[in-house]
Amino acid sequence: MKFPRFGVGVLICAFLVATAVAQNTPRQVGTIVSGGIVVTVDAARNIFDPGAVAIDGTSIVAVGPAADIAARFTGATQVDAAGSIVIPGLVNAHSHAPMVLYRGLADDLRLQEWLEKYIFPAEARTVSREMVRAGTRLAALEMIQSGTTTYADMYYFEEEIARTTKAAGMRGVLGQSVIQFPVADAKTPADALARAEAFLKEFANDDLIVPALAPHSPYTLDAKTLLSSRALATKYSAPVLIHVAETETELGSSRKDHSGMTPVGYLQAIGFFGPRTVIKHGVWVDAADMKILQSHQVAVSHNPESNMKLASGIAPVPQYLANGITVALGTDGAASNNDLDMFEAMRFAALLHKLKTGDPQAVPATVALEMATINGARALGLEKLIGSLEAGKRADLAIVSTASARMTPLYDPVSHLVYAAHGGDVRTVMVNGRLLMRDRKMLTLDEPAVLAEARQFAGTIRSAVGISPGRR
Ligand SMILES: [Zn+2]
């Protein structure tokens, strides 16, 4: 075959034109979120106004000024975030999702009385697979509607919680509970450990669920079961979630039962601490405890509202932070909060430590936001995947409206997120690149059906625990 003499030149020209067009043609991606103030919580704490986030598949491909993103990408789906703040999805580091069904069942009590007189008996009579599913659906609805995209959980029938969480499209680090006394899903600690192992196997390598171990606490488990839980977690490289040093009563009992040791000191003495451990509360700790936690890189979930409501005490959050310990934020179960709104958790964390220390800088707004995002991700071992809006991370985000009177005027988006916003200001939520709520319309959960099912379960709980109609 003979080419005309100008053939090669034409081909080169065509190649150059095609290359130039390719460089200037925006790349097609799945979704572009554009027009709002993007608060990235990345390492440089970049804020883009107006900013945009380009998302393809499950991941963020670019974050930056809106004009730059518009020049480089087009989205099959456009999400308009004008008049809003785009933030990384919030991470709730401590919850017991199905306990939303016990919301308001017993208030104004100390932890021990609340647990032993009300919650443990109510759970003994009403926890079932069905209850756990209904409760998790209600919790997922509330969490999505208030901008939470990832949560850590400790409860029973955790495989049902995992399936329900996946169906709702949320991300979870979900811990199968291990407790010494007989409970709905396990007659003995050995049963609970066997159930936990099956759970760890079933959800290994899941895209949304990280299966975990949740030995309840040093005061509800003997040393043998605590260590068996640790061994199982180590075998599967699973996170360990445990309540530690929540109340002064727990501290006193620990000193009495364990040769003067604090709860943290006791766990250290038996060799419990290991990788990927998150202690819940960590209120009653001393300087030696802090060194132990630091040396094992144990993270702390701070749950200010639950601690305030149960009058448990104030965790030494500024000291944790000064010692380089990762502090995440949690709500605890809605029965001791009484909701799952992480905006409240941020606000209470920021305010409580100012009051405690007399220093308005003790937990500034930026730190409260970090605790609810990147620190939560780090505590749960997910900081490479979530916790900030950055290229390469999973597309987990929330869009917070600034249209209300409470959010007007706006000088500093981080100030508003911590000191003014509440969960109801969240209008759109995405997890793993999938929209779960758009402009307050739920896309993965049937809201009226979830609420009706929860109300029906409340009737069962009411009769099981003998609450008369009307007040209690
Ligand atoms: Zn708890």
Side-chain angles (χ1 to χ4, degrees), residues 91-107 109-120 122-123 127 132 135-136 139 142-143 148 150-158 161 172-181 183 192 212-221 226 229 239-251 263-264 267 277-285 298-315 327-342 344-345 348-349 371 376 379-380:
V91 179
N92 184 346
H94 183 45
S95 73
H96 311 278
M99 290 185 79
V100 286
L101 293 177
Y102 303 127
R103 189 193 326 258
L105 185 68
D107 299 310
L109 298 162
R110 287 191 186 281
L111 176 76
Q112 240 56 34
E113 191 182 2
W114 177 77
L115 268 182
E116 286 162 17
K117 279 200 186 155
Y118 296 90
I119 296 300
F120 286 156
E123 287 181 330
V127 171
V132 160
T136 303
E142 186 183 352
M143 287 192 278
T148 294
T150 296
Y151 75 107
D153 196 68
M154 302 169 67
Y155 213 60
Y156 309 108
F157 298 109
E158 204 68 37
I161 294 175
V173 176
L174 308 179
Q176 169 61 41
S177 275
V178 180
I179 202 159
Q180 204 73 30
F181 52 81
V183 287
L213 253 287
H216 179 270
S217 63
Y219 66 90
T220 52
L221 289 164
L226 284 165
S229 302
V240 173
L241 315 173
I242 181 167
H243 297 100
V244 179
E246 182 173 359
T247 64
E248 196 171 17
T249 306
E250 179 188 344
L251 175 64
V264 170
L267 291 172
T277 305
V278 187
I279 64 162
K280 314 302 175 147
H281 304 298
V283 173
W284 295 90
V285 295
V298 171
V300 178
S301 170
H302 175 43
N303 315 295
E305 279 180 278
S306 175
N307 294 159
M308 289 164 80
K309 187 158 181 280
L310 297 164
S312 298
I314 303 176
V327 182
L329 267 187
T331 55
D332 208 345
S336 65
N337 185 299
N338 288 352
D339 62 49
L340 304 176
D341 186 341
M342 285 294 291
E344 284 185 6
F348 279 111
M371 291 188 336
L380 299 173

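Bear in mind the structure is a predicted one, so any value in this text is a computation, not a measurement. In this chain, numbering begins with 1 at the start of the sequence shown. When a ligand or atom number is given, it counts from 1 through the structure's own listing order.
Listing protein N, O or S atoms at distances below 2.8 Å from the Zn ion (ligand 1), with waters left out, gives H94 NE2, H96 NE2, H243 NE2, D332 OD1.
Partners of N92 under the side-chain hydrogen bond (donor to acceptor under 3.5 Å, both in side chains) rule, at least two apart in sequence or in another chain, are T331. Residues passing the side-chain hydrogen bond (donor to acceptor under 3.5 Å, both in side chains) test with S312, sequence neighbours excluded: none. With sequence neighbours left out, D341 forms a side-chain hydrogen bond (donor to acceptor under 3.5 Å, both in side chains) with no residue at all.
Ring orientation note: the planes of H216 and H243 are tilted relative to one another, at an angle of 30° to 60°.
Checked by atom type and distance alone, the side chain of K280 never pairs as donor or acceptor with a backbone atom of S95 at under 3.5 Å. In this structure a side-chain-to-backbone donor-acceptor pair under 3.5 Å is missing from D153 to Y151.
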